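Predicted, not measured: the structure shown is a model, and the values here were computed from it.
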Amino acid sequence: MYTADLMYLVFITLAMCVIYFILLALFPFFFTQKATPLQKKSLLPVAYIIAFSVLAYAASFSIADLELGNRVLHAFGGGFLGFLVCFLAARNSKIHINRFQFFMFSALVVLSLGIANELLEFLLQEYSGFLFAASTSIYDTWLDLASNVAGVIIAGVCLVPFHTRHYDVRYSRESYSERGELIPERQRPDKSEEESKGRDTDHRREKIRAQWNLAPEPERIT
């Protein structure tokens, strides 16, 4: 393994940490929601990102087959790591989106980062003299992108079930639509009107039962 590989992987890890903070603002902006102020607990995921990236790199370097190790590197140190960054950013930004929205947006972000990474590798090798140990053929780029896709799918299966909608504590669950969007106040159902309608319905039901000499309806236990 060349020194250039280590230098580049350190750069990727640092870039992922920066991207995490960008996504903290990008998630709410993209889904037109209010951004959450940066808190101390929002810094903890940086340690998770660094730890997972080191584990992914160590696992790929431990594989004797250079080509297989490169596939593992791009699957877990690329696609999976990028999706993990999106998961941590979505959780700490406290956005209220469903799992499908989260997966599609995160997958598009990670695959875009994968393409940008391959373009950067090409520029470094062609114009800066950087040599990457695993770049042995023209097909390496396509295999890297395919590995990124595999990493995204694996991460999606592992992380999407743990994604939950976050609701603003100032509003009740009834203030949100089924899609997780905040309903304007003038369009929200009036609880007093609903309770009044319920009482009117019960009164009409009892009146009909009395008219037909039916037994009173048993009380419902609530």
Other cluster members, Leu55 - Ile/Leu/Val/Met/Phe/Trp/Tyr, side-chain contacts below 4.5 Å: none
If you measure from [atom1] on [X] to [atom2] on [Y], what distance do you get to the nearest 0.5 Å?
X: Asn148; Y: Leu73; atom1: CG; atom2: CG; value: 9.5 Å
X: Arg91; Y: Leu159; atom1: CZ; atom2: CG; value: 10.0 Å
X: Ser93; Y: Tyr20; atom1: OG; atom2: OH; value: 8.5 Å
X: Ile97; Y: Ser106; atom1: CD1; atom2: OG; value: 7.0 Å
X: Lys94; Y: Asn92; atom1: NZ; atom2: CG; value: 7.0 Å

Can you tell if the side chain of [X] reaches within under 4.5 Å of the side chain of [Y], non-hydrogen atoms only?
X: Leu6; Y: Val10; answer: no
X: Phe30; Y: Ile95; answer: no
X: Phe83; Y: Val160; answer: yes

side-chain contact (heavy atoms from CB on, under 4.5 Å) partners for Ile63, two or more places apart: Asp65, Leu68, Val72
Residues that Phe100 engages under side-chain contact (heavy atoms from CB on, under 4.5 Å), provided they are two or more places apart: Asn98, Met104
Arg99 side-chain N/O to His163 backbone N/O, donor-acceptor pair under 3.5 Å: yes
N/O donor-acceptor pair under 3.5 Å between His74 side chain and Gly151 backbone: no
Same apolar cluster: Phe11 and Phe52, side chain cutoff 4.5 Å: yes
Shared hydrophobic cluster for Phe162 and Phe103 (ILVMFWY, side-chain gaps under 4.5 Å): yes
Summary of salt bridge (charged side-chain N to carboxylate O under 4.0 Å, His left out) pairs that have at least one residue in residues 69-83, sequence neighbours excluded: Glu67-Arg71, Arg71-Asp140, Arg71-Asp144
Contacts of Ser60 that satisfy side chain to side chain donor-acceptor pair (under 3.5 Å) - sequence neighbours left out: none
Sequence-distant partners of Tyr57, side chain to side chain donor-acceptor pair (under 3.5 Å), two or more places apart: Thr13
Donor-acceptor contacts, no H, no angles, side chain residues 108-117, under 3.5 Å, sequence neighbours left out:
unit_1: Ser112; atom_1: OG; unit_2: Leu108; atom_2: O; d: 2.7
unit_1: Asn117; atom_1: OD1; unit_2: Tyr8; atom_2: OH; d: 2.5
unit_1: Asn117; atom_1: ND2; unit_2: Glu121; atom_2: OE2; d: 3.4

For residues 21-28, please give each side-chain donor-acceptor pair under 3.5 Å, one per line with the distance, not counting sequence neighbours.
none

Contacts of Phe76 that satisfy ring pair (Phe, Tyr, Trp, His ring centres under 6.0 Å) - sequence neighbours left out: Phe80
Review item, side-chain donor-acceptor pairs of residues 37-51, under 3.5 Å, at least two apart:
none

